[in-house]
*Asks:* 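Provided herewith is a single structure, encoded as structure tokens, for subsequent inquiry.
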Amino acid sequence: MATHLVGNGTVNVAVNLLKLERNLLRQLALEEGRSLSTFIRRQVVAGLRTTNPLAAIELEKARKQYYAKE
């Protein structure tokens, strides 16, 4: 998988996964034609829409603002 430099205003967050978990998530990401990090970000937002809709809205808003600056 390709890796990218950490962009200005962004940080990496380490999440320990079992190799089996990582491999499953990677496979699901590939099936959607996405990177693993993009897939995980999208799943986080999807989960937050159920458990904390306001947080999901804030995350989506922050990402839109980040890309609007470029």
*Asks:* So how far is it from Gln43 CD to Arg34 CZ, rounded to the nearest 0.5 Å?
*Replies:* 9.5 Å
*Asks:* List the residues meeting salt bridge (charged side-chain N to carboxylate O under 4.0 Å, His left out) with Arg49, not counting sequence neighbours, and say none if there are none.
*Replies:* Glu60
*Asks:* Would you say that Tyr66 contacts Thr10 through its side chain, given a criterion of any heavy-atom pair below 4.5 Å between the two side chains?
*Replies:* yes
*Asks:* Find out if a path of hydrophobic residues (ILVMFWY) with successive side-chain heavy-atom gaps under 4.5 Å connects Ile57 to Val44.
*Replies:* no
*Asks:* Is the number of heavy atoms from other residues, nucleotides or ligands under 6.0 Å of Arg41 CZ greater than 12?
*Replies:* yes
*Asks:* Output the distance between atom NZ (Lys64) and atom CG (Leu59), rounded to the nearest 0.5 Å.
*Replies:* 12.0 Å
*Asks:* May I have the step-by-step check of side chain to side chain contact (heavy atoms under 4.5 Å, CB included) for Leu36 and Arg22, ending in yes or no?
*Replies:* CA-CA 9 Å; Leu36 179 57; Arg22 194 254 343 253; 4.2 Å; yes
*Asks:* According to the salt bridge (Lys or Arg N to Asp or Glu O under 4.0 Å) rule, which pairs have a member within residues 9-21, sequence neighbours left out?
*Replies:* none
*Asks:* Identify the two heavy atoms, one from Ala56 and one from Val45, that lie closest to each other, and give their separation to 0.1 Å.
*Replies:* CB-O, 3.9 Å
*Asks:* What I'd like to find out is whether the side chain of Leu17 reaches to under 4.5 Å of the side chain of Leu25, using heavy atoms alone.
*Replies:* yes
*Asks:* Quick check: does any side chain N or O of Thr38 sit under 3.5 Å from a backbone N or O of Ser35, one acting as donor and the other as acceptor?
*Replies:* no
*Asks:* Is any side-chain heavy atom of Arg26 closer than 4.5 Å to a side-chain heavy atom of Asn23?
*Replies:* yes
*Asks:* Calculate, to the nearest 0.5 Å, the distance between atoms CG and CG belonging to Leu24 and Leu18 respectively.
*Replies:* 11.0 Å
*Asks:* Out of curiosity, Glu31 CD to Gln27 CD, how far, rounded to the nearest 0.5 Å?
*Replies:* 4.5 Å
*Asks:* Any link between Val15 and Ile40 through a network of hydrophobic side chains (Ile, Leu, Val, Met, Phe, Trp, Tyr) touching at under 4.5 Å?
*Replies:* yes
